[in-house]
Amino acid sequence: MDPADALRLLFLPALLGAGCSFLWRLEHQGSNWNEFMTQPVPVRDLVLAKFCVGALMSLAAFASILVFYVGSGFALSVPGAFPAARIAEYVALGILGSLVIVAIQLAVSMVIRNFAAPVGIALAGGGSGLVATMAGLGNVWPYSLLQTGMNSNTQADLIIAGVIQIVVLSIVYAALAIAWACRWLKRRDIVATL
C-alpha cells in the first residue's frame with residue numbers, strides 16, 4: 001500500500017467522524033435535544049436527514065480527492081490513457097464504503113455527547129481498517145470497505161465477487177447502523193406524541 005494512500009485512508013474516516021460529530025453538536029447543547037425529540041416527524045426521518053447530510057459531506061470529500069487526483073495526473077503529464085471507467089468504479093465503491101463510516105459515526109456521535117470522542121473513535125476505526133485490510137479482512141470490516149472499494153491495497157483489479165461483497169456489506173452495515181440509531185432514539189429518549 002502506498003504511504004500516501006495509507007495516510008488518506010487513515011484520516012478520511014476521522015474527517016467523516018468530525019463531520020458527523022458536528023451534525024449532532026447542536027442537539028447536544030442546551031435544551032436542543034428536547035426540541036429535537038419533540039419534532040412532529042418520525043425519528044427515522046430525523047436520522048435519515050442526518051445521514052443524507054453526512055452522505056453529501058462524503059461526496060464533497062470524494063469530489064476533492066478526485067479533482068486532486070486528476071489534476072495532479074495532468075500537472076505531472078502522466079503518460080497513457082486516462083482510466084476513466086476504473087477510476088469511476090473505485091470512486092463509486094469508495095463512496096459506498098464511506099457511507100458505512102458515516103452511518104456508524106452518526107450513531108456513535110448521537111450517543112456520545114462529546115465532540116472529540118467520536119472523532120477519536122473514527123480515527124481508531126481508520127487505523128483498525130488499515131490493520132484489517134493488511135490482515136486480509138478488508139472485505140468484511142466496516143472501516144475497511146472504503147479502502148477495499150478504492151482498491152488501495154493491491155495492484156490487481158477487483159474481481160466481480162469482491163465488488164458484490166463490498167456493495168452488499170456496505171448496504172447491510174449502513175442499514176444496521178441507521179436502524180440501531182433509530183431504535184436507540186425511540187427507546188432511550190422521550191418521544192412526543194401529537
Side-chain angles (χ1 to χ4, degrees), residues 1-24 50-51 54-66 68-69 72 83 86-181 184:
M1 180 181 300
D2 181 15
D5 282 340
L7 284 175
R8 175 181 39 115
L9 297 173
L10 176 68
F11 291 115
L12 185 57
L15 173 70
L16 296 173
C20 292
S21 192
F22 183 75
L23 287 175
W24 283 104
K50 299 267 187 197
F51 178 74
L56 287 174
M57 178 181 55
S58 175
L59 288 174
F62 271 91
S64 67
I65 290 170
L66 188 59
F68 287 125
Y69 179 79
S72 63
R86 183 177 293 166
I87 297 300
E89 176 189 6
Y90 294 162
V91 168
L93 290 173
I95 289 171
L96 197 55
S98 75
L99 294 181
V100 173
I101 296 171
V102 168
I104 291 171
Q105 287 303 130
L106 279 173
V108 168
S109 296
M110 176 187 66
V111 174
I112 300 174
R113 296 178 184 231
N114 178 319
F115 184 84
V119 177
I121 291 170
L123 187 59
S128 70
L130 284 173
V131 171
T133 300
M134 289 184 226
L137 300 172
N139 284 6
V140 294
W141 183 245
Y143 283 89
S144 295
L145 293 173
L146 166 66
Q147 300 156 11
T148 306
M150 292 187 72
N151 201 28
S152 63
N153 56 336
T154 182
Q155 295 294 324
D157 288 339
L158 291 171
I159 58 173
I160 190 69
V163 171
I164 292 170
Q165 186 178 13
I166 292 167
V167 170
V168 169
L169 283 177
S170 294
I171 292 169
V172 167
Y173 282 137
L176 285 174
I178 291 169
W180 182 87
W184 189 88

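Residue numbers run from 1 in the order of the sequence given. Remember, predicted model here, so these are calculated numbers, not experimental data.
With sequence neighbours excluded, no residue forms a side chain to side chain donor-acceptor pair (under 3.5 Å) with N114. Partners of V111 under the side-chain contact (heavy atoms from CB on, under 4.5 Å) rule, at least two apart in sequence or in another chain, are W180, W184.
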Quiz: residues 10-22 side-chain donor-acceptor pairs under 3.5 angstrom, not counting sequence neighbours:
from	atom 1	to	atom 2	distance (Å)
S21	OG	F115	O	2.9

May I have the list of side-chain donor-acceptor pairs in residues 166-178 shorter than 3.5 Å, sequence neighbours left out?
from	atom 1	to	atom 2	distance (Å)
S170	OG	I166	O	2.7
Y173	OH	V140	O	2.5

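Residue Q165 holds its CD atom at 12.0 Å from CD1 of I160, rounded to the nearest 0.5 Å. The CE atom of M110 sits 5.5 Å away from the CH2 atom of W24 when rounded to the nearest 0.5 Å. Rounding to the nearest 0.5 Å gives a distance of 13.5 Å between CD of Q147 and CG of L93. Taking CG of L106 as the start and CD1 of I101 as the end, the distance is 12.0 Å to the nearest 0.5 Å. Here CG of L146 is found 9.5 Å from CG of L130. Values are rounded to the nearest 0.5 Å.
Contact detail for I112 and A117: the closest heavy-atom pair is CG2-CB, 3.8 Å.
Contact annotation: the side chain of I95 approaches that of L59 to within less than 4.5 Å [non-hydrogen atoms, C-beta and beyond]. The shortest distance between side-chain heavy atoms of I87 and Y69 falls below 4.5 Å. A heavy-atom distance below 4.5 Å is found between the side chains of I104 and P142.
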Go through it in stages, so that I can follow the logic: the residues are F51 and L99, the test is side chain to side chain contact (heavy atoms under 4.5 Å, CB included), and I'd like the CA-CA distance, side-chain angles, deciding distance and then a yes or no.
CA-CA 8 Å; F51 178 74; L99 294 181; 4.1 Å; yes
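Residue pairs satisfying the side-chain hydrogen bond (donor to acceptor under 3.5 Å, both in side chains) criterion with at least one member in residues 92-105, sequence neighbours excluded, are listed as follows: S58-S98, Q105-Y143.
A donor-acceptor distance shorter than 3.5 angstrom exists from the side chain of S128 to the backbone of G125, with no hydrogens or angles considered.
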